[in-house]
Amino acid sequence: MKGKKEVKKPKQAKPLKELLPPGFTKQPREPLPLSIPDSRPATHQYEFQIPSLCPNWPGDDAALNHDFELSSVTLYEDDFEYVFPPSIYEFCPRENVIMKWPEDIVGMNEITSRFSKRFNPKKQATSGMGGSFFSMSISRQQNISEIATDEAEKAMVVVSFIERDETPEEFEARKQKEAEKIALMKKKPPKTEELHIGKVKEVKLGNIEMGKQLPHCSKWISSQLQILKDKGWKDPHTSESLWNKIYPQKEGIPIYNPSGRYWVKLMLLGVPRLVEIDCRVPTNLEGLCLLPRSSTFRDLWPIILTKAYFKLYSFRWRNISKFVSVPDDEIDGSFIYSLTGMLPQKMTINQINQDEWRLIQNWLRDDAWDQGRVLVSVHCSTEKTPSIPSMSYIEEDKDEYRSKDTFTEMVPVPEIEIENIPEKNVSAEESQIRTPTQRNLGGLQVTTTEGRKYSLNQNPNRPVHVLNGFGYLLYEAFSNPEEFDMKKVLRKEKVRIQEEAKTALLRAKATSPARKLKRHQSPARLREYQKRKARREKEKEEKRQKLLEVKLCQVYKFLRIKTAVTNIPVLTVDCGFSPQEIDEAKLRLLNQQFFQDKEVAAFERLMEEEDRELFDPKDSGIEESNQEESIINYDQLVQPPQRAQGGVWISSDDFPFAFTEFIIYHHISFYPHNMILDDLWKDQSVPFTHNQDFDVWIIDAKSDATFLVAFSPLLPNDLKFQPSSISLMIQRYDFENEVNIPWDDEAKLTSTSILANQYNVSEGLYVLKPSIMCAPCGSITWISSTVPVETMSRMKYLSEKQGWSISSLNFDYSAIAKKAFYIPMKVEITSTDPLPVFIKLSSSDPNLLSSAQLLLINRDKDPLEQKYSYLDIATLESQRISFSPNEKGYRLLLLIISSTSLLDGQVSLNILTKTPEQIKATPGDMMDPAEFSDRYLPNKYGIIFKEHFFIPEEVHFSLHLRLRKGGLPIPGSKTKELAPEEPLLASRLIKLSLYEGDTIICSSEGYNQAYFTHINLRNNGREFLLVCKFDITEIPEIMNPSEETQDMNWIMRIISSESIAIAKDTRKEDREEAIRKSWETSQPGRQELAKTSRGRYLAQMKKNNGEALNDQENELLKDSWADRRKQKKEQEVAGKPKPKGKDAKNVKEVEKPQVVEFEIPKAEDHVMHSVQKFLNHAHSDRLKTIKQVNLDRQLFTYEFIEESKVLLKQDIQNFAQIQEQRKALRQQYKQEFDAKKEFYKAQMLKRKEQMDSNLQVYKESRGNYQNRCDKRKEILTKLQTALQANDLATLEQAINDPFALACDPVLLNQCLKVLSKTKK
């Protein structure tokens, strides 16, 4: 069964007359000619749409040569509809976000920023106590005017730069390029002048400024921009910096465009994209910029990059509202990925043990830092309060603490002052002579900017000041080996060693036996001198061994972070060692032998001095040691590598309490093997189909290997459902047995932007199964590894790697019309082994499979073959299907009811078996579809059609029936033009039933359509009847002609294995027509009388309904029933002669009753169950025949008629009562439902009012609290002003204010003392 087998052509149909039974005289229905589908490709509509993305990057040369209209006076305004993250709209409502040009808001954003640096009310207050607050206000206004004057002279730029001379290295590189250029010229190069050192433009990026008034996502992006700036990020291969992403450029530097048009090169879904923006800035109503900005607002590069990022990911924020619930959901690595292409890995570390420490050290290796392989960002989540457990804090009363904070705004107290000083390396000698205050400051240096010195507030119990949701650059890790004593670098330890050396010399001087011998010589002192000298050598050897002995010391682990973002709180963190001490420790570790020799030399000098004091003392006292010998020549030492300057060292024990969230950015270009698995939905005309070539990953690791996997889904537009998450699950899998293999590294990547994970695997073969969940528009997956990674489909893996056998069948299908029922594939399967198999179904047109159903029929379970199961086509390849051996085998059917027209194509079926002989699959015989159609004629039974069903000896078929309007020849038209098909006005429930004799063997129902999926019939001599009817209990109006039933018809399509004939069942109509003819024969003119009576009845109904009557109808109603009865009797009397003679005597005699017998019809002559039931009862033993006699006319007296009327009236009343009861029950149910609805509505309104009330109370309390705070500040200002100006009246008035009691008690007591002394 290997290889591809061609399908047989459709079977030829037998003549339909051969299927009719003997004696059947009616002609069968002729199938309609199949409609020719539209050859144009159909437009398909799906539940969601592919989002519109920014176009691919055209290339750097195209961007450099593009006309950005630099000289145009017309401003470029981007009409793109931006969608920002939810936190921006929480900060500023959507309707309040206004786009403004930077020139319009530079004053608001930059002058305020610069003023906050130049003017400090605390510093002004501490400068002199004699000044007043009025003078401070004047100074503030002068500062603002000066800043406005300075800033007005500056122009807007993208980046700031300086011009400098070339360095020798840059000059040599330029010279070499020129030489290479000349060497490539074919002609003899002209003589050129000698190259000289030229000028170079060097870009100087300012730090990012972040005030308190910024949305959550803008704060996060500010930190990420500063991380890249602090790292000095450049592409490791192209050496491009951040600002190289912005165009237009001149001489490699982005320039300001007066028209406002910019191009930005950003990464998205593994492809560089062109993002075209204008430089308008989103602001709130007050003009405050909502995006990250540079400390110099006129440098636009942070705003341009951020706005381009928001445009690039607008499709995500437009469709991500269902996934974002907390601010942490906006924190991801998509921003740095879009700028650098580095894949972000998220990790939460709650405790740094040995494994975590080794992992962090691997990230921060020197080669990884220098080459730009890895970049690490750390932050604290918004749900956690950061802390440093090793630092103790004193609990204070909240109100007292708050009052002190308020008071310090106006009262001069020691504070943190920032002074710009040049950065310099601090030597070991300088670190040893630091004051205790400087030493405390050394451990508290903050990473806000390089080259700044901080003086610390005297209050050590301050918060940590770690910002939640703000990223810090983690760029260095340090730990000492167990044999290295960190105490040696501590300044106090060095002082202690020096003091011990001095103490040892003093002790030697005091206990010197030589001095005693000089004062008084005696044999005893001489012996003591000799013993001490002999014991001294032993002591020196013991101390020397102790000095050289390797001891296990305490291991310290520190991590270093930084950020240079301005206007953020200072990190108050102390790890116990200053940065200079840690630098010295790193220097000692790199030069251990040098420092060990230095310690030994110092020890030997100390021993020599002690020996001198003990055995050869001098009267001048203890000599100072030679200080020149302790000076270290650092040029001869191996220096530790220097990374970013500044930063804060934090202990690894404290680190997880302040920073638990790590984002590690990996540059995949350093992996030798890289691949991008593109599984995106790109063509909206065809449905999304998963690329099955990526279903199996194979990693054959000959040794320990590392591979990185990243996942980025594409969020669709107009997503109706709400998935819990979009994720990629990677499992180690046994595809042959379909079981998971336990794996420690099994991980789930859940993200709506981009997320990566790194795996370290040992030697072995790894077969992985990626499972992508809830990505309706597809995704991009990156695989970067140190060893080759192979991807393939499940079928290919089992066939090539596991030796399974593949059998293929191809089925060609013709074009399919819209709403047509079709079976493009039928396969007969026989099995000899119950082993599982895999099936793969594919089509040349993916739209075909999106509207198809695949049926698996076990032919042994049911003779009619109606017990079947549906196979999921989307996951068919991963389903293990077992075909147990049976007698008749199995059948696979592919059924289609397409919502659009489809062009002709091919369906392929692949069956994967473990052994070739396990399964035998052959194409089944199918005939061309046959279509039948007819009009619906309203009738009192709601029957749409009733058809005889004639079949050969055995046949299996599928049938589809639907109602429509139009589609048939136009009545009265001479041509064969078809009326256009229209949809029905309403959905009506229809029921389709197939009878075998009196038994329903198959039925189906649906709205406006019904179908038999599959049924197998055998011709056992009994009659088959196909009946379709409306449910008249729900739609009784369908029984009468109306606009809805006008032009309504049915169309039925049958696809079968053999020819099937159908013929309209007219037996009931034929019998009724025979009865009508017999009536006309026995009573001539009866048909005309019946027609007149029917017309009179309809006219009477119209008259009762108040409708207008025409002349003919008025003529019919002219005579009453009594007049017509009298006229009839007169005609009968006038038409009969009077009896004469003997005949007159017999007039009064009563005629003898005559017995009239007639035969009751048989039950099998009718198809309605109620009629059949009545006829079966009539033929039972209780009643055989009915005898009709001519009863005496006296029976039809007035009394009998009245009794009949009473009985009929009672029946009508009973029926009316039943209807009233039903109506009352319906009204009661409706009232109960309305009552519940009103109750729930009232409850919701009550809850809403309660929430509004609580919100109003909260706002009022918040306003009152703010008023109290403002009042308290005002009182504090008055107290200080009056105290400084010695204004007793104002001072007394402020003290008497009720809010003065809530102020700082120390200040209040001081004011009271001043007031009391002045009064005395």
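Sequence positions, counted from 1, serve as the residue numbers for this chain.
Residues satisfying the side chain to side chain contact (heavy atoms under 4.5 Å, CB included) criterion with Gln1009, sequence neighbours excluded, are His960, Arg962. Residues passing the ring-ring contact (aromatic ring centres under 6.0 Å, His included) test with Phe950, sequence neighbours excluded: Phe24, His948. Under the ring-ring contact (aromatic ring centres under 6.0 Å, His included) criterion, Tyr822 pairs with no residue at all, not counting sequence neighbours. For Asn1019, the side chain to side chain contact (heavy atoms under 4.5 Å, CB included) partners at least two apart in sequence or on another chain are Ile951. Residues that satisfy the salt bridge (charged side-chain N to carboxylate O under 4.0 Å, His left out) test with Asp734, not counting sequence neighbours, are absent from this structure. With sequence neighbours excluded, the residues that form a salt bridge (charged side-chain N to carboxylate O under 4.0 Å, His left out) with Glu828 are Arg859, Arg891. Partners of Glu800 according to the salt bridge (charged side-chain N to carboxylate O under 4.0 Å, His left out) rule, which considers only residues two or more places apart in sequence or in another chain, do not exist here. With sequence neighbours excluded, the residues that form a side chain to side chain contact (heavy atoms under 4.5 Å, CB included) with Ser799 are Ile806, Leu912. For Glu1037, the salt bridge (charged side-chain N to carboxylate O under 4.0 Å, His left out) partners two or more places apart in sequence, or in a different chain, are Arg988. In this view, Asn939 satisfies the side-chain hydrogen bond (donor to acceptor under 3.5 Å, both in side chains) rule with no residue, not counting sequence neighbours. Partners of Ser869 under the side chain to side chain contact (heavy atoms under 4.5 Å, CB included) rule, at least two apart in sequence or in another chain, are Leu856. In this structure, the ring-ring contact (aromatic ring centres under 6.0 Å, His included) partners of Phe957, at least two apart in sequence or on a different chain, are Phe949.
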List the steps and the verdict of ring pair (Phe, Tyr, Trp, His ring centres under 6.0 Å) for Tyr868 and Tyr890.
-> CA-CA 10 Å; Tyr868 46 79; Tyr890 299 84; over 10 Å; no
Under the ring pair (Phe, Tyr, Trp, His ring centres under 6.0 Å) rule, what do Trp697 and Tyr766 come out as? Steps first, then yes or no, please.
-> CA-CA 8 Å; Trp697 300 354; Tyr766 295 84; over 10 Å; no
Chi angles and distances behind the side chain to side chain contact (heavy atoms under 4.5 Å, CB included) call for Leu728, Thr750 | CA-CA 7 Å; Leu728 167 65; Thr750 302; over 6 Å; no
Between Glu954 and Lys888, is a salt bridge (charged side-chain N to carboxylate O under 4.0 Å, His left out) present by the stated rule, with each step listed?
-> CA-CA 14 Å; Glu954 184 175 6; Lys888 295 182 179 179; 6.0 Å; no
Start with the C-alpha distance between Ser1003 and Glu1005, add both sets of side-chain angles, then the distance that settles side chain to side chain contact (heavy atoms under 4.5 Å, CB included), and finish with yes or no.
-> CA-CA 7 Å; Ser1003 65; Glu1005 61 182 24; over 6 Å; no
Could you walk me through whether Glu736 and Lys914 pass salt bridge (charged side-chain N to carboxylate O under 4.0 Å, His left out), step by step?
-> CA-CA 9 Å; Glu736 191 170 13; Lys914 201 162 188 178; 3.3 Å; yes
Criterion side chain to side chain contact (heavy atoms under 4.5 Å, CB included) on Ile698 and Leu765, from CA distance to verdict | CA-CA 7 Å; Ile698 303 175; Leu765 178 64; 3.8 Å; yes
Decide salt bridge (charged side-chain N to carboxylate O under 4.0 Å, His left out) for Lys801 and Glu790; before the verdict, give the C-alpha distance in whole Å, the side-chain angles of both, and the deciding distance to 0.1 Å.
-> CA-CA 12 Å; Lys801 304 296 183 180; Glu790 187 178 3; 3.6 Å; yes
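Between Trp1050 and Phe945, the angle of the ring planes lies from 30° to 60°, which puts this pair in the tilted group.
Between the side chain of Ser843 and the backbone N or O of Asp845 there is at least one donor-acceptor pair closer than 3.5 Å. At distances below 3.5 Å, at least one donor-acceptor pair connects side-chain atoms of Glu877 with backbone N or O atoms of Met795. With Trp681 contributing its side chain and Val686 its backbone, the two residues share a donor-acceptor pair below 3.5 Å. Using a distance-only test at 3.5 Å, with no hydrogens or angles considered, a donor-acceptor pair links the side chain of Gln918 to the main chain of Leu835. Checking side-chain atoms of Glu947 against main-chain N and O of Lys1064 turns up a donor-acceptor pair under 3.5 Å. Put simply, the side chain of Thr913 gets close to the backbone of Thr915: a donor and an acceptor are under 3.5 Å apart. In terms of modelled atom types and a separation under 3.5 Å, the side chain of Ser851 and the main chain of Ile896 share no donor-acceptor contact. In this structure, the side chain of Thr832 engages the main chain of Glu917 through a donor-acceptor pair within 3.5 Å. Side-chain N or O atoms of Ser1057 include none that pairs as donor or acceptor with a backbone N or O of Val955 at under 3.5 Å.
Annotation for Pro923 and Phe811: closest pair CB-CE2, 3.9 Å, computed over non-hydrogen atoms.
For the atom pair CG (Leu902) and CG (Asn847), the distance works out to 6.5 Å, reported to the nearest 0.5 Å. Interatomic distance, SG of Cys1002 versus CD1 of Ile1015, reported as 4.0 Å (0.5 Å rounding).
Paired with Tyr941 under the rule side chain to side chain contact (heavy atoms under 4.5 Å, CB included), one option of Lys946, Lys1029, Met1039, Lys1068 passes, and it is Lys1068.
Residues His956 and Glu865 have side chains that never bring a donor and an acceptor to within less than 3.5 angstrom of each other. For the residue pair Ser779 and Asp679, no side-chain donor N or O sits within less than 3.5 Å of a side-chain acceptor on the partner. Side chains of Asp1031 and Thr1033: a donor on one and an acceptor on the other come within 3.5 Å. Lys26 and Thr1066 form a side-chain donor-acceptor contact under 3.5 Å, judged by distance and modelled atom types alone. Counting only N and O atoms by type, the side chains of Arg964 and Asn1049 include a donor and acceptor under 3.5 Å apart. Looking only at atom types and distance, the side chain of Asn910 has a donor-acceptor partner in the side chain of Ser808 under 3.5 Å away.
In this structure, Tyr797 has its ring center closer than 6.0 angstrom to the ring center of Phe735. If you look at Tyr936 and Phe1030, their ring centroids are closer than 6.0 Å.
Side-chain contact check for Ile1062 versus Leu1026: every heavy-atom pair is 4.5 Å or farther apart. The shortest distance between side-chain heavy atoms of Glu1044 and Lys965 does not fall below 4.5 Å. Between Phe688 and Pro776 there is no side-chain heavy-atom pair separated by less than 4.5 Å. Using a 4.5 Å cut-off on side-chain heavy atoms (C-beta onward), Ile1055 and Phe821 make contact.
With a 6.0 Å radius and a threshold of 12 heavy atoms from other residues, nucleotides or ligands, Tyr1011 has its OH atom at or below the threshold. For CD of Glu887, the number of neighbouring non-hydrogen atoms (other residues, nucleotides, ligands) closer than 6.0 Å is 12 at most.
By the 4.0 Å N-to-carboxylate-O rule, Glu931 lies close enough to Arg1053 to be salt-bridged with it.
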